[in-house]
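Here is the structure we will look at.
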Amino acid sequence: MPGKHDENDPRWNGWEGCLCTRNELMREGWFRLATHMDQFHNHFRYEFNRVYTLADGGFHKEGMSLPRFLREAQQLSHHLDMHHRIEEAYIFPILAKKMPQFKAGAREQGRHLRSHKAIHAGLDKYDEYLKACLADSSKFNPATLREILDGFREVLFTHLDEEVHDLGAESMKAAGWTLEELRKIPM
């Protein structure tokens, strides 16, 4: 019967109606931030790789005109910018209490904030190029777009991986977080 649980079932723990073992609950709690962040990061990898792949004219095979492709390509920058603004305003200040790699304002800002700055330097060039091509399609050159993407690919992909690693169970435990504290972090 839906909503009815057998208290004798060893998986029933009386917590949030979950039929799972205590170990499964612990694992989910410890990996929640990393798992959630990785979902966003996988989408950014997808967007980046899609733009890179379609840049050579493959967008025509997808039924897109050049202006449509360029507008879709702009979404990568918009999505990363919004994601980073949210992280820096709401998530990083909480994490920075126990994890210096998320800290702002120190003599050397945290590694993740430095990565954000390097990524956005590449995104600025990317945005300028896309705007110029939208204004004058004769300026579009697949090799130029790919060169710009290659200019920030490594810092972006490394950052996406490192941030998820730093939100993983081992890193969070090593930093002194408790499961209760992790549940309170908005994500």
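Just so we're clear, the structure is a prediction, and the values are computed from it rather than from any experiment.
Atom CG of L130 and atom CZ of F140 lie 8.5 Å apart (nearest 0.5 Å). To the nearest 0.5 angstrom, I148 atom CD1 is 8.5 Å from K125 atom NZ. Separating the OG1 atom in T35 from the CE atom in M187 is a distance of 10.0 Å, to the nearest 0.5 Å. Atom-to-atom distance recorded for W177:CH2 and L167:CG is 10.0 Å, nearest 0.5 angstrom. Distance check, rounded to the nearest 0.5 Å: CD of E87 to CD1 of I94 gives 12.0 Å. Annotation: the span from L95 atom CG to D166 atom CG amounts to 9.5 Å, rounded to 0.5 Å.
The heavy-atom pair separating L54 from M64 by the smallest distance is CD1-CE, 3.8 Å. In terms of heavy atoms, W30 sits closest to A169 at CB-CB, 3.6 Å. Shortest non-hydrogen contact noted between A55 and P142 is O-CB, 3.3 Å.
In this view, Y52 and D150 satisfy the side-chain hydrogen bond (donor to acceptor under 3.5 Å, both in side chains) rule, not counting sequence neighbours. Qualifying side chain to side chain contact (heavy atoms under 4.5 Å, CB included) partners for A132, counting only residues two or more places apart in sequence or in other chains: K139. Annotation: side-chain hydrogen bond (donor to acceptor under 3.5 Å, both in side chains) contacts of K131 (sequence neighbours excluded): none. Scored by the salt bridge (Lys or Arg N to Asp or Glu O under 4.0 Å) test, E154 finds no partners at all (sequence neighbours excluded). Every residue meeting the ring pair (Phe, Tyr, Trp, His ring centres under 6.0 Å) condition with F40, not counting sequence neighbours, appears here in chain and number order: H36, H83.
V164 and V155 sit in two unconnected hydrophobic clusters of ILVMFWY residues. Membership requires side-chain heavy atoms under 4.5 Å apart, directly or through other members. A continuous path of Ile, Leu, Val, Met, Phe, Trp and Tyr side chains, each step under 4.5 Å between heavy atoms, connects I91 with F31, placing both in one hydrophobic cluster.
A 4.5 Å side-chain heavy-atom check between Y129 and L70 finds every atom pair outside the cut-off. Side-chain contact between I185 and R32 is present, with at least one heavy-atom pair separated by less than 4.5 Å. Within the 4.5 Å cutoff, the side chain of C133 has no heavy atoms near those of the L66 side chain. Within the 4.5 Å cutoff, the side chain of M99 has heavy atoms near those of the M172 side chain. At least one side-chain heavy atom of L123 sits under 4.5 Å from a side-chain heavy atom of H120. N49 places a side-chain heavy atom less than 4.5 Å from the side chain of F157. Side-chain contact between V51 and L145 is present, with heavy atoms from C-beta onward closer than 4.5 Å. Within the 4.5 Å cutoff, the side chain of R146 has heavy atoms near those of the D56 side chain.
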Verdict with reasoning, E62 to R50, per salt bridge (charged side-chain N to carboxylate O under 4.0 Å, His left out): CA-CA 11 Å; E62 302 253 337; R50 179 171 167 79; 3.1 Å; yes
Worked check of side chain to side chain contact (heavy atoms under 4.5 Å, CB included) between D161 and H165: CA-CA 6 Å; D161 292 338; H165 174 269; over 6 Å; no
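For E180 and R183, the salt-bridge test passes: some basic side-chain N is under 4.0 Å from an acidic carboxylate O. A salt bridge links R45 with D38: the distance from a Lys NZ or Arg NE/NH1/NH2 to an Asp or Glu carboxylate oxygen falls below 4.0 Å.
At a cut-off of 3.5 Å, with distance as the only test, no side-chain donor of H84 or E88 sits close to an acceptor on the other residue.
No more than 12 heavy atoms of other residues, nucleotides or ligands shown are found within 6.0 angstrom of CZ on R68.
In summary, the aromatic rings of F152 and F48 are positioned with their centroids under 6.0 Å apart.
No donor-acceptor pair closer than 3.5 Å links the side chain of K98 to the backbone N or O of A175.
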What side-chain donor-acceptor pairs closer than 3.5 Å can you find for residues 75-82, not counting sequence neighbours?
{"unit_1": "Q75", "atom_1": "OE1", "unit_2": "H79", "atom_2": "NE2", "d": "3.4"}
{"unit_1": "S77", "atom_1": "OG", "unit_2": "D127", "atom_2": "OD1", "d": "2.9"}
{"unit_1": "S77", "atom_1": "OG", "unit_2": "D127", "atom_2": "OD2", "d": "2.9"}
{"unit_1": "H79", "atom_1": "ND1", "unit_2": "E47", "atom_2": "OE1", "d": "3.2"}
{"unit_1": "H79", "atom_1": "ND1", "unit_2": "E47", "atom_2": "OE2", "d": "2.6"}
{"unit_1": "H79", "atom_1": "ND1", "unit_2": "Q75", "atom_2": "O", "d": "3.3"}
{"unit_1": "D81", "atom_1": "OD1", "unit_2": "R85", "atom_2": "NE", "d": "3.3"}
{"unit_1": "D81", "atom_1": "OD2", "unit_2": "R85", "atom_2": "NE", "d": "2.9"}

